[in-house]
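As structure tokens, the structure follows; a few thoughts come after it.
The basis for the numbers below is simple: all heavy atoms, side chains too, and nothing from hydrogens, waters or symmetry mates.
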Amino acid sequence: GGATARPFVTRHNALDRRMYLRIADELYLKRLIVGGFDRVYEIAKDFRNEGLSRFHNPEFTMLEFYQAFADYQDMMDQVERLMVYVADRVLGSRILTYQGEEISFEPPFKRIRLVEALKQALGADPLEMEEEDLRDRAERLRLPDLEGAGRGKLLDKLFEELVQEGLEQPTFVLDYPRELSPLAKTHRGNQTLTERFELFVAGQEMANAFSELNDPIDQRSRFEEQTSLRDKGDDEAHQVDEDYIRALEYGLPPTGGVGMGLDRLAMLLTDQASIRDVILFPVLRTEES
């Protein structure tokens, strides 16, 4: 758990038990913070049973790290320093060329707020728009996979179509609506938002981070909202994770966490147009004779 995606289902024969390939290692790393490890990380293989594209492979590599007594602002600084360090060490330069476009990793990276960017693109405040209005905009844009999509998913799809593709230079997008972020802490200045950012480069998400939600009552409520979306047909919505809620009841300190896609970072640093070219054994379509 820890992301919105369809898992691969498998079975453990000896235990005669259904199991799942993980879509993220987030909920388990945060259990370690509960257990007293104040900083944890893992470079992990994750698996998401979704479509193929030049930026998506069902098996991929993630770096996730979590730090107690930190928040998303601290994580933003960490990610910025990490990206600059990697560019310096791998390329010897903070300027790179990706698919003919020059990209600068010279800090500070640009920072924008999601709601303001989407408001400018839609010509209306997305937080004040009715769900049917959002759906109508998405349908007029002929966006895919709208069946069962709730308000959060519609906002996400509209952002991806209208804003994300234009984020060529490294850009932090901040303060996502609650509907989009079931594991992120409510924003200290606006109850309709969360303390979350994503880093975009060359129009693609490179990192995702939160001030982690550590209130078990609020977390149960968010999971139940996701269950309602699942019942309406959104098969990527979270299920209630009782073990994780129990861990929060023991006590998760204020924590900042980050997930970063290493395959996409490798694409960027090596100027590869397709994720297939940075994975040794990518999933390919069946060869036809």
Side-chain angles (χ1 to χ4, degrees), residues 1-8 23-24 48-58 60 112-168 171-184 186-187 190-194 196-208 210 221-239 261 264 273-275 283 285:
T4 53
R6 289 188 294 271
F8 286 94
I23 58 176
R48 298 183 185 178
N49 192 5
E50 300 174 323
L52 299 169
S53 80
R54 69 188 187 96
F55 290 103
H56 296 88
N57 188 69
F60 59 99
I112 64 174
R113 286 180 165 76
L114 182 143
V115 170
E116 292 173 5
L118 199 48
K119 181 178 179 180
Q120 188 172 1
L122 290 169
D125 187 337
L127 298 181
E128 295 181 358
M129 293 175 66
E130 298 292 336
E131 183 174 317
E132 285 309 308
D133 293 335
L134 294 170
R135 185 176 301 279
D136 180 62
R137 293 289 188 104
E139 288 174 349
R140 277 191 276 160
L141 290 166
R142 298 183 178 180
L143 302 184
D145 303 323
L146 295 179
E147 185 177 354
R151 183 181 183 84
K153 198 165 188 177
L154 292 169
L155 287 169
D156 192 37
K157 285 183 171 292
L158 287 166
F159 172 81
E160 186 176 333
E161 177 71 17
L162 299 174
V163 180
Q164 179 179 322
E165 291 185 4
L167 302 177
E168 194 70 25
T171 303
F172 288 116
V173 178
L174 316 180
D175 303 340
Y176 281 55
R178 279 174 55 96
E179 299 96 333
L180 275 171
S181 313
L183 296 166
T186 300
H187 196 283
N190 187 331
Q191 294 292 304
T192 66
L193 303 176
T194 59
R196 174 186 176 188
F197 75 79
E198 290 187 305
L199 172 65
F200 292 90
V201 185
Q204 290 299 315
E205 176 200 339
M206 293 289 160
N208 183 28
F210 312 142
S221 175
R222 304 273 195 102
F223 278 155
E224 288 173 351
E225 289 171 8
Q226 291 284 302
T227 299
S228 175
L229 292 173
R230 179 176 285 273
D231 292 342
K232 293 176 182 178
D234 185 354
D235 57 3
E236 292 188 352
H238 254 291
Q239 299 185 55
R264 289 184 183 174
S274 173
I275 198 170
V283 176
R285 300 188 188 280

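Using a 4.5 Å heavy-atom cutoff, the side chains of T186 and R178 are in contact.
Residue pairs meeting the side-chain hydrogen bond (donor to acceptor under 3.5 Å, both in side chains) criterion with at least one member in residues 139-159, sequence neighbours excluded: D136-R140, R151-E179, K153-D234.
How far CD of E160 is from CG of L141: 12.0 Å, rounded to the nearest 0.5 Å. With rounding to the nearest 0.5 Å, the separation of CG in L154 from CE in M129 is 10.0 Å. Within the model, atoms CG of L174 and CD1 of I112 stand 8.0 Å from one another, a figure rounded to the nearest 0.5 Å. With rounding to the nearest 0.5 angstrom, the CG atom of L134 is 8.0 Å from the CG atom of L118. Between atom CD1 of residue I275 and atom OG of residue S53 there is a gap of 7.5 Å, rounded to the nearest 0.5 Å.
For the residue pair E205 and Q164, the shortest heavy atom distance occurs at N-NE2, 4.2 Å. Minimum heavy-atom separation, R48 to A5: CD-CB, 3.6 Å. The two residues R222 and P182 come nearest to each other via the heavy atoms CB-O, 3.6 Å. What you find for E198 and N208 is that their closest heavy atoms are CG-OD1, 3.3 Å. Counting all heavy atoms, side chain and backbone alike, N190 lies closest to T192 at OD1-OG1, 2.7 Å. When all heavy atoms of R137 and L122 are compared, the closest pair comes out as NH1-O, 2.9 Å.
Between the side chain of R54 and the main chain of A273, a donor-acceptor pair closer than 3.5 Å is present. Formation of a donor-acceptor pair under 3.5 Å by the T227 side chain with backbone atoms of F223 is found in this model. Under the 3.5 Å distance criterion, the side-chain polar atoms of R6 are matched with a main-chain donor or acceptor of N49.
By the ring-ring contact (aromatic ring centres under 6.0 Å, His included) test, F159 is found to be paired with F200, residues two or more places apart in sequence or in another chain being considered.
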- CA sep, side-chain torsions, deciding dist, call: V283, L52, side chain to side chain contact (heavy atoms under 4.5 Å, CB included): CA-CA 8 Å; V283 176; L52 299 169; 4.3 Å; yes

- Check step by step if side chain to side chain contact (heavy atoms under 4.5 Å, CB included) holds for R264 and H56. CA-CA 9 Å; R264 289 184 183 174; H56 296 88; 3.2 Å; yes

- Message: Applying side chain to side chain contact (heavy atoms under 4.5 Å, CB included) to L180 and L155, what does each step give before you reach the verdict?
- Response: CA-CA 8 Å; L180 275 171; L155 287 169; 4.3 Å; yes

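Counting heavy-atom neighbours within 6.0 Å of E168 CD, excluding the residue itself, gives a total above 12. Atom CD of Q120 is surrounded by 12 or fewer heavy atoms from other residues, nucleotides or ligands within 6.0 Å.
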